[in-house]
**Q** 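Attaching a single structure in C-alpha cells format; questions to follow.
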Amino acid sequence: MYTITPAGPSFLFVVWVGVRFKGNEVSMKKQDKNWIGAFLIVLVVAFVPLIVSAKKYSVGLSDQLWFSSADTSYDFFLYWKGQALLLLCGLLSLYAALKMTIQKKDAMVSMDNRYMIPLGVYFLMSLLSTLLSQHRRMAVWGGYEQWEGMLTLGAYVVILFFSCYLIQGQTEIRIVMYGLLVGVFILSLLGARQFLGHDFFRTTAGKAVMNFMSDEKLNFTFNFAPGRVYATLYNPNYVGSYVALMLPVILSMISLRKRFDAVIRSIVAAATAVFLIMMLFGSESVTGFIGLGAVLALFAILMITNIKKHPKIFASLAAVCILAVTGAVFYNRSMFEYGWNKIMNPTPNHFVVKSMVSRGGALEICTAEDELLRLAVDVKDGAYTYEAKDEKGSPVEVSQDKEGRSVKFLDQRFEKIQIQETGVEAEGEKRDAFVVNTPSVGKSYTVVMETASYQSGLSQKDYQIYNPFKKLDGLREIPAVGFEDKLHFASRRGYIWSRTFPLLPKHLLLGSGPNTFVYEFPNDDYVGMKNVGYDGSTVTKPHNMFMQIFVQTGLLSLLAFLALYGFYFAECMKLYWRRTEYGWLERFGTGLCLGTFGYLVTGLANDSTVAVAPLYWCLLGAGIAVNRRVAKEEDHFE
C-alpha cells in the first residue's frame, strides 16, 4: 500500500507564490527570520539522507517476460527517504502559507524569472510525461530500485524553491550551514567506520534500525565486503556523488579566525572532510574521484586572480594536494589501477555470438566477426533436422552427431558454434529446444521452436529464447549505437549506453515517465546481457543522469534542467571569479557552486537517486539564495 502525502498541493502552491510575489523583493535587513523554515530545510539535507529502514513492497514487474515471477521485494535505503522528503515538502508549504497569511506580502522574497521559467518547464514536462506514460502507476509513485516517481521529482522542485524562498538572511544561512555540517558529520562518520571495517548496520543496533519500520524482523546479508563503503546511500557509486557534492561545501566552512564558534566549526569541518575522503576511498567510486578532479579544476579557475596575487600560498596548497594525491595513489595503487583500466583499458569483449534474431522462419545468428548464419531447425518424432545458410544464401555444411545429439558447423566462420539438442518445460508444457553453445567462451543460449500461424493461413517457424526466469520470450533485433568493441567500458556502462542511445530520438518531446527507464531499456536483450555478465539481471537505470532525464521526462525537461544550473553557474562566475576578498558567506557560496558542479560531473556516470538528489536540489536553492545575499555587497567578514 502506498502512502498518500501532503506534498501534492505544494506543487501548485509554489507556482502561486512565484506569481503572487514576483518582484516584491525588499531589503534583507527588514525581513523577519525564517528560523522554522531554515530548520525544515536542514532536515532535508541532514536528516533525510540518514534514514535507513526496511520496506516490503510489490514490484509490479512480474508480468514482464524479462522479469522474475516473484513480485515481492524489500527496500532499505530509498523508500522511506522519499516518504520523509514528501512529508517535509508538505510542512514547508504549510509553514510558508501560514507565514504569508500572518505577515504582509512585501515581507516575501521570490525567485526571479531566470530560475522560475526553467524550473517551471522542468516540472511541467515531468508532469506531462507522467500523465501520458504507459506505466502511470510507476511514473507517479516510483518503484523498483529507484523510488523516484513524479511525486519525488515534484518534491525536488518544491525543495529548491523553498530553499531559495525561505533562506533570506544571515541567520537562516547559518542555520542551514551548521545543520548541514552536523548531518554530513554523522553520515561521514558512519562511512568512515565502514571503511575501517566497523559497519554499524552489521551490529545488533544497526539491524534494529533497519528493521524499525518493518512488520517482520528480517535477517540481513550484505553484498558488500567489509571495508567497502555504502554509508546510508544504498550504492558505493552514490557515495562518490555525495562526496563530490559535499566535500567542497564542508571545506568552505573552515576558517582561520580565532573566534570560538569559528574554531569549533573549523575543527568539525576538517574532521568531516577527512571522513568524506575516507568514504570516497572505501567506496572505490572512480566517478567520485573524477568529480573531485573537476571541482579542483574549477576552483583553480575561480582563484586565478588570487593565485597571481599570492603565488607562494597557492603553490604550497598545490604541493600539499600533489603529495596527498601521490600518497593516496601509492597507498591504494591497486584500486586506482583498477579504476584506470575500467576506463582506459576495459575488459575486451568475450563472446562468439553477438546477437540472435528470429526472422523469416529461421534463427539468424550473428557472430562477433559480423558473420551471419541462418539456421532452420525442425523436429519430427523426436528427430532434429538442420538447414544452415550464410548471409548470401550459400549452404553451410553441418556435422550431426546422432548419438550425442549435437551439431557442429564445418565452415571455419562458424566452427566455434555448436548446437546441442535438449528439451525444456515452459508455460506448463514440455517443449523441444536446442542450445546454441560456444564452448570456447563458456556461453550458451537455449532456444525453443514454435510454429507461428498468420491470418493469411501461412505458418512458419518462430524461435524463442528460454530466459533465466524460465519464461519464453521473442528474439528480436536490439538497436545499439556505439561501444561495439568496448561494452565493458566503465564497469559495463559501455553496454548500457550503447542500448540507451537508440532510445533518445523517440523522447525528443516527452519522456516515458519518471522511474520508467526499466520499461524502455531492452531488458529482453538476453544475448547481449549474457555477453557482458548481466544474465538474469534487470537494468533499471542508464548510469547517466542526463540520459536518465532525457528518456524519462524528455529532451525539453533536460534542457530546462541544464538551463536552471547554467543561470546559477553564470551568476557564480560573475560573483566569485577573480574575487580577491572572501568572507564566510562568499566562501560558503563558492563551496555550494563547486559542490553542485562536482555533483553534475558525477552525473555523467551516475544516476539521480533519492539518496543524494534532494541534497543537490536543496543546495542549489541555497546557492541561489546565498548569491542573492552576496550580490548586496554587504559585510560578510568574520
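Heavy atoms only: backbone and side chains are in, while hydrogens, waters and symmetry mates are out. When a residue number appears, it is its place in the shown sequence, counting from 1.
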**Q** If you round to the nearest 0.5 Å, how far is SG of Cys593 from CG of Leu619?
**A**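 That separation rounds to 12.0 Å.
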
**Q** First locate atom CG of Leu247, then atom CD1 of Ile250, and finally report the distance between them rounded to the nearest 0.5 Å.
**A** 8.0 Å

**Q** Is there a side-chain contact between Met177 and Leu181 in this structure, where contact means two heavy atoms from C-beta onward sitting under 4.5 Å apart?
**A** no

**Q** Quick one: list whatever passes ring-ring contact (aromatic ring centres under 6.0 Å, His included) with Phe224, sequence neighbours left out.
**A** Tyr230

**Q** Do side-chain atoms of Asn606 reach the backbone of Asn237 as a donor and acceptor pair under 3.5 angstrom?
**A**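 Pair found, side chain donor or acceptor close to backbone of Asn237.
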
**Q** First locate atom CG of Asn515, then atom OG of Ser133, and finally report the distance between them rounded to the nearest 0.5 Å.
**A** 10.0 Å

**Q** Looking at residues at least two apart in the chain, or sitting in another chain, which of them share a side-chain contact (heavy atoms from CB on, under 4.5 Å) with Ser214?
**A**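 Once residues adjacent in sequence are excluded, the partners of Ser214 under the side-chain contact (heavy atoms from CB on, under 4.5 Å) criterion are Ala54, Asn211, Glu216, Leu218.
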
**Q** Taking C-beta and beyond as the side chain, do Val630 and Phe588 meet within less than 4.5 Å on heavy atoms?
**A** no

**Q** Between Arg136 and Trp141, is NZ or CZ placed under 6.0 angstrom from the six-membered ring centre and within 45° of the ring axis?
**A**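 No.
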
**Q** Could you go step by step and tell me if Tyr178 and Asp261 meet the side-chain contact (heavy atoms from CB on, under 4.5 Å) rule?
**A** CA-CA 11 Å; Tyr178 282 99; Asp261 62 328; 4.0 Å; yes

**Q** Please step through side-chain contact (heavy atoms from CB on, under 4.5 Å) for the pair Lys55 and Tyr74, ending with a clear verdict.
**A** CA-CA 5 Å; Lys55 169 64 179 180; Tyr74 289 90; over 6 Å; no

**Q** Identify all side-chain donor-acceptor contacts of residues 280-302 below 3.5 Å with residues at least two apart in sequence or on another chain.
**A**
| residue | atom | partner | partner atom | Å |
| --- | --- | --- | --- | --- |
| Ser283 | OG | Leu280 | O | 2.8 |
| Ser283 | OG | Ser285 | N | 3.2 |
| Ser285 | OG | Gly288 | N | 3.1 |

**Q** Suppose the criterion is side chain to side chain donor-acceptor pair (under 3.5 Å): which pairs have a residue in residues 180-195, not counting sequence neighbours?
**A** Gln194-Asp199

**Q** When rounded to the nearest 0.5 angstrom, what distance separates CE in Met150 from OG1 in Thr152?
**A** 9.5 Å

**Q** Give me the atom names and distance for the closest heavy-atom approach of Ala46 to Gly179.
**A**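 Taking every non-hydrogen atom into account, CB-O, 3.5 Å.
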
**Q** Could I get the full list of ring-ring contact (aromatic ring centres under 6.0 Å, His included) partners for Tyr576, not counting sequence neighbours?
**A** none

**Q** Quick check: does any side chain N or O of Arg629 sit under 3.5 Å from a backbone N or O of Ala625, one acting as donor and the other as acceptor?
**A** no

**Q** With a 4.5 Å limit on heavy-atom distance, are the side chains of Pro236 and Val229 in contact?
**A**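 A side-chain contact is absent here, since even the closest heavy-atom pair is not under 4.5 Å.
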
**Q** Does Ile254 have any side-chain contact (heavy atoms from CB on, under 4.5 Å) partners at least two apart in sequence or in another chain, and if so, which?
**A** Leu251, Ser266, Ala269, Ala270

**Q** Indicate yes or no for a side-chain donor-acceptor contact from Arg587 to the backbone of Met253 under 3.5 Å, with no hydrogens or angles considered.
**A** no

**Q** Decide yes or no for Tyr582 and Met303: does some side-chain heavy atom of the first lie under 4.5 Å from some side-chain heavy atom of the second?
**A**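 The answer is yes; the side chains approach within 4.5 Å.
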
**Q** Tell me whether Asn113 contacts the main-chain N or O of Ile117 through its side chain, where contact means a donor paired with an acceptor under 3.5 Å.
**A** no

**Q** Indicate whether any N or O donor in one side chain lies under 3.5 Å from an N or O acceptor in the other, for Thr609 and Glu148.
**A**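 Side chains of Thr609 and Glu148: no pair found under 3.5 Å.
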
**Q** Does Lys541 make a cation-pi contact with Phe517 (under 6.0 Å, within 45 degrees of the axis)?
**A** no

**Q** Please identify each residue that fulfils side-chain contact (heavy atoms from CB on, under 4.5 Å) with Arg114, with sequence neighbours left out.
**A** Asp112, Phe567, Glu571

**Q** Would you say CZ of Phe222 has more than 12 non-hydrogen atoms from neighbouring residues, nucleotides or ligands within 6.0 angstrom?
**A** yes

**Q** One pair to check against side-chain contact (heavy atoms from CB on, under 4.5 Å): Leu600 and Met545. What are the steps and the verdict?
**A** CA-CA 8 Å; Leu600 290 185; Met545 180 172 62; 3.6 Å; yes

**Q** Identify the two heavy atoms, one from Val45 and one from Cys618, that lie closest to each other, and give their separation to 0.1 Å.
**A** CG1-SG, 3.4 Å

**Q** Closest heavy-atom contact between Val610 and Tyr156?
**A**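 So the minimum-distance heavy-atom pair works out to CA-OH, 3.4 Å.
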
**Q** To the nearest 0.5 Å, what is the distance between CD1 (Ile159) and CG (Leu615)?
**A**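 So the gap between those two atoms works out to 10.0 Å.
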
**Q** What verdict does the side-chain contact (heavy atoms from CB on, under 4.5 Å) test give for Ile304 and Trp577, after you've listed the backbone C-alpha separation in whole Å, the side-chain angles of each residue and the deciding distance to 0.1 Å?
**A** CA-CA 8 Å; Ile304 189 168; Trp577 185 46; 3.4 Å; yes

**Q** Do Leu564 and Tyr122 come within less than 4.5 Å of each other through their side chains, counting heavy atoms only?
**A**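 Heavy-atom side-chain distance check fails, nothing below 4.5 Å.
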
**Q** List the residues meeting side-chain contact (heavy atoms from CB on, under 4.5 Å) with Ala622, not counting sequence neighbours, and say none if there are none.
**A** Ile167, Leu592

**Q** Flag the pair Trp617 / Phe561 as yes when their ring centroid distance falls below 6.0 Å, and as no otherwise.
**A** yes

**Q** Using ring-ring contact (aromatic ring centres under 6.0 Å, His included) as the criterion, list what pairs up with Phe550, not counting sequence neighbours.
**A**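 ring-ring contact (aromatic ring centres under 6.0 Å, His included) check on Phe550 returns nothing, list empty.
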
**Q** Determine yes or no for a side-chain-to-main-chain donor-acceptor pair under 3.5 angstrom, with Gln146 supplying the side chain and Gly143 the backbone.
**A**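 Flag not set: sc Gln146 to bb Gly143 has no pair under 3.5 Å.
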
**Q** Atom CD1 of residue position Ile36 - does it have more than 12 heavy atoms of other residues, nucleotides or ligands inside 6.0 Å?
**A** no

**Q** Answer yes or no: are there more than 12 heavy-atom neighbours, outside Lys258 itself, under 6.0 Å from its atom NZ?
**A** no

**Q** Donor-acceptor check, side chain of Thr516 to backbone of Ala139, threshold 3.5 angstrom: yes or no?
**A** no

**Q** Using a 3.5 Å distance criterion without hydrogens, assess whether the side chain of Arg257 forms a donor-acceptor pair with backbone atoms of Arg259.
**A**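 Looks like no, no N/O pair under 3.5 Å.
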
**Q** Do you know which two heavy atoms are closest between Ala96 and Tyr165, and how far apart they sit?
**A** CB-CE2, 4.0 Å

**Q** Do Val182 and Val42 make a side-chain contact, defined as non-hydrogen atoms from C-beta onward lying under 4.5 Å apart?
**A** no

**Q** Output the distance between atom CZ (Phe275) and atom CZ (Phe195), rounded to the nearest 0.5 Å.
**A** 12.5 Å

**Q** Provide the closest heavy-atom pair for Ser53 versus Met213 in the form atom of the first, atom of the second, distance.
**A** OG-N, 2.8 Å

**Q** If we ignore hydrogens and angles and just use 3.5 Å, is the side chain of Lys81 paired with the main-chain N or O of Phe77 as donor and acceptor?
**A** yes

**Q** Any heavy-atom pair between the side chains of Val121 and Met125 that's under 4.5 Å?
**A**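 They are in side-chain contact.
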
**Q** If a pair satisfies salt bridge (Lys or Arg N to Asp or Glu O under 4.0 Å) and one of its residues is in residues 598-620, list it, with sequence neighbours excluded.
**A** none

**Q** To check you understand the geometry: which heavy-atom pair defines the closest contact between Val158 and Ser93, and what is its length?
**A** CG1-OG, 4.4 Å

**Q** Can you tell me which residue pairs pass the side chain to side chain donor-acceptor pair (under 3.5 Å) test with a partner in residues 550-570, sequence neighbours excluded?
**A**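 Applying side chain to side chain donor-acceptor pair (under 3.5 Å) to every pair that reaches into residues 550-570, excluding sequence neighbours, yields Thr553-Ser557, Tyr565-Thr596.
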
**Q** Just so I know, are the side chains of Thr232 and Ile51 near enough to count as touching, which here means a heavy-atom distance under 4.5 Å?
**A** no

**Q** Check ring-ring contact (aromatic ring centres under 6.0 Å, His included) between Tyr599 and all other residues, then give those that pass, not counting sequence neighbours.
**A**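 Testing Tyr599 for ring-ring contact (aromatic ring centres under 6.0 Å, His included), a comparison that skips the adjacent residues, returns Tyr616.
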
